[in-house]
Amino acid sequence: MSFWEKVNDLDRRIIYLIIGLTVFIPLLFNVTMESKPTQPVENIYDKINSLEEDDVVLVSFDYAASSLPELQPMANAVIDHLFRNDIKVVGMALWPVGVGLGTLVMEKKAAKYDKEYGKDYVNLGYKSGGLVVIDSMGGSVKKTFPTDKDGVALKDLPIMKHVNKLDDFSLAVTLSAGDPGLRHWVMVASDKFGLPVAGGCTAVSAPQFFAYYNSGQLLGLMGGLRGAAEYENLIDVPGTASAGMSAQTVAHLMIIIFIIIGNISMFIIKRKKEKEKRK
Amino acid sequence: MIELSLTQAIGYTIGGFLTLCIFSFLYKDNPLYKFAEHLFVGTSAAYWFVTFYHNIIRPNVINQFKEGNYWPIIPVILGIFMLFRLVPSLSVLSRMGIAFSVGVMAGYQIIRHLETNILRQMGATMQGFDKISFTAGNIGNAINTILILLVVIAGLVYFFFSVEHEGAVGGVAKFGMWMLMITFGATFGYTVMARISLLIGRVLYLKEQWWLSIKYLLGI
């Protein structure tokens, strides 16, 4: 068996092991890598910087634990930026698990910036219905969510005093792992009610959402771990996304090398077989 | 540094063990993987059942009934009808619930889909043609605008099967196919990034929470 035939028949477990090591080693030695911000991510950062102190931003945590490694760093970075700029945050979720994940982020960042629940931020909780919920919020936020996640009436919370409809928010940021999520926010909040919508999504779904960004229906977009790392870089608060980008880069390089080697071996073996046939 | 309680340390340790059990499948199928897989399916089903009960059934049905609002009985009946698919003699009733939900959502979404995914996207594809300029500094935008339109047309021609893909049509269709391949390549790249991100998430968990828990439990 020639070298290339051995390569072609390589046990896939060896490839798993190499990929595992390329991810594990950079993380073990805390190798960091700076991610240069791209325009779609910078747009979100610039928009938040342009907001005034009394502005209220809606953040929807539309994901579950399965996409936590990609979307939780985005949530951390965006909430950190909003609280640092003294902007009020109204959290909500179109996915049930998003309530708990959003609460984790908001409470951690509220403690960091000394923010008060009900005055500086609130978590409305989960509401089933997806598209219908967003549409209903366009008519009345308080009718859609009569209480926050703990059952406190919204009319009793100072942050909600001037928030009645979707139009009263300055921006909606949705962190989305699928449906219901970013697509529905674009369809209703952006296209129907004209609210600026920015989003973060898993890398798998990023290509389809760039079409909304290019058409101007989406203000900005963070795609996958790289998008999160870019935002962490912009606010200068390195987190798990920045830590993971070095591993991500090395793993991608390794996969590219595997693809090239795999193709070379395939062509060489194919040529060899054709030669043998001719004989 | 993360501060841990005993219950957190035990929880993280179990989580780390189950993560390794799942990863052991990469070597080959084994009882530890099977155990973790079945545990995951069972706990997920129980978790989602409780979550949906507290977030959907209790506020939208039980609490409504307590307040004297009995209208939710209609969706409850339609929902129960859907379960009749499991009873062959009554399965015809399940169509009512399915037909209602499909009909309502189709009627509700069709306008929004038309506007967001067709009209606005078509507009964006064609926009900028009135402002095309090949002066210095605008050449990049002009080429981009023309390229987008050409690629969209070529992509559509590739899926237009009423005319045989020969001659000029064949050439355009082939160009469309190459553009589709480039798109799939970019999508594949993003998919790889997503999968590696999940692995990074697990490795970070093992490195931080799990390792700290082990040290905590061993008193190191």
Side-chain angles (χ1 to χ4, degrees), chain A residues 12-13 16-17 19-20 22-24 26-28 66-70 72-73 93 96-97 99 125-132 135 147 183-184 186-188 190-192 202-208 210-212 214-217 223-226 228 240-241 243-245 247-248 251-252 255, chain B residues 23 25-28 44 47-48 50-57 59-60 63 104-105 108-109 111-117 119-128 144 148 152 183-208 211:
Chain A
R12 63 180 176 184
R13 286 173 292 195
Y16 294 154
L17 181 70
I19 292 292
T22 54
V23 169
F24 187 70
L27 292 174
L28 188 68
S66 55
S67 40
L68 187 134
E70 287 184 278
Q72 198 78 339
V97 184
V99 183
Y126 163 76
K127 199 81 176 171
S128 64
L131 191 77
V132 184
D135 208 352
T147 64
R183 196 163 54 91
H184 296 118
V186 171
M187 282 165 74
V188 182
S190 172
D191 289 351
K192 186 176 177 185
T202 55
V204 171
S205 52
Q208 62 174 304
F210 274 113
Y212 295 129
N214 289 331
S215 64
Q217 292 164 278
L225 198 72
R226 187 186 155 89
T240 51
M245 275 317 286
Q248 184 80 254
H252 271 245
I255 289 167
Chain B
F23 279 148
F25 183 76
L26 293 174
Y27 182 69
K28 66 176 185 181
S44 295
Y47 179 82
W48 283 108
V50 173
T51 301
F52 279 114
Y53 171 77
H54 283 289
N55 288 294
I56 297 172
I57 296 173
N60 296 328
N63 289 354
V104 166
M105 286 320 285
Y108 189 76
Q109 291 205 19
I111 301 293
R112 299 255 53 84
H113 267 287
L114 196 70
E115 188 186 342
T116 300
N117 297 321
L119 298 178
R120 288 200 184 230
Q121 287 297 312
M122 279 171 67
T125 305
M126 291 179 271
Q127 76 186 3
N144 211 17
I148 287 172
V152 169
T183 310
F184 295 149
T187 308
F188 177 68
Y190 267 107
T191 306
V192 169
M193 185 161 92
R195 302 300 172 235
I196 297 289
S197 299
L198 296 180
L199 179 59
I200 289 168
R202 281 293 85 193
V203 172
L204 282 173
Y205 173 84
L206 291 174
K207 186 193 155 214
E208 289 166 8
W211 184 238

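A quick note: this is a predicted structure, and the numbers were derived from the prediction, not measured. All chains are named by letter (A, B, ...) in the order of the sequence lines, taking the proteins before the strands, and each is independently numbered beginning at 1.
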Contacting region of [X] [heavy-atom separation from chain B under 4.5 Å]:
X: A:R12; value: neither
X: A:S205; value: neither
X: A:T202; value: neither
X: A:I255; value: side chain
X: A:A211; value: both
X: A:Y16; value: side chain
X: A:V132; value: both

On a heavy-atom basis, which atom in [X] and which in [Y] lie closest, and how many Å separate them?
X: B:Q109; Y: A:L131; result: CG-CD2, 3.4 Å
X: A:A203; Y: B:M193; result: CB-CE, 3.8 Å
X: B:A124; Y: A:S215; result: CB-CB, 3.3 Å
X: A:Q248; Y: B:I200; result: N-CD1, 3.8 Å
X: A:E70; Y: B:A194; result: OE2-CA, 3.8 Å

To the nearest 0.5 Å, how far apart are [atom1] in [X] and [atom2] in [Y]?
X: B:I196; Y: A:I19; atom1: CD1; atom2: CD1; answer: 5.5 Å
X: B:N60; Y: A:K127; atom1: CG; atom2: NZ; answer: 6.0 Å
X: B:H113; Y: A:D191; atom1: NE2; atom2: CG; answer: 11.5 Å
X: B:K207; Y: A:L27; atom1: NZ; atom2: CG; answer: 6.5 Å
X: A:M187; Y: B:I111; atom1: CE; atom2: CD1; answer: 10.5 Å
X: A:Q208; Y: B:T183; atom1: CD; atom2: OG1; answer: 13.5 Å

Please indicate whether B:Y27 has more than 12 foreign heavy atoms, meaning atoms of other residues, nucleotides or ligands, lying under 6.0 Å from its OH.
no
Does atom OH (B:Y108) have a neighbourhood of more than 12 heavy atoms from anything else shown, all under 6.0 Å?
yes
Heavy-atom contact with chain A under 4.5 Å, split by part of [X]:
X: B:T51; result: side chain
X: B:Y205; result: neither
X: B:L198; result: both
X: B:R195; result: side chain
X: B:F23; result: neither

Heavy-atom side-chain contact between A:H184 and B:R112 under 4.5 Å:
no
Do B:W48 and A:V97 touch side chain to side chain, with heavy atoms closer than 4.5 Å?
yes
Picking from B:V203, B:L26, B:T187, which has the most non-hydrogen pairs under 4.5 angstrom with chain A?
B:L26
With respect to chain A, which residue among B:H54, B:R120, B:K28, B:E115 yields the maximal number of heavy-atom pairs within a distance under 4.5 Å?
B:R120
Per-residue tally against chain B (heavy atom, under 4.5 Å) across A:L68, A:L28, A:D135 peaks at A:D135
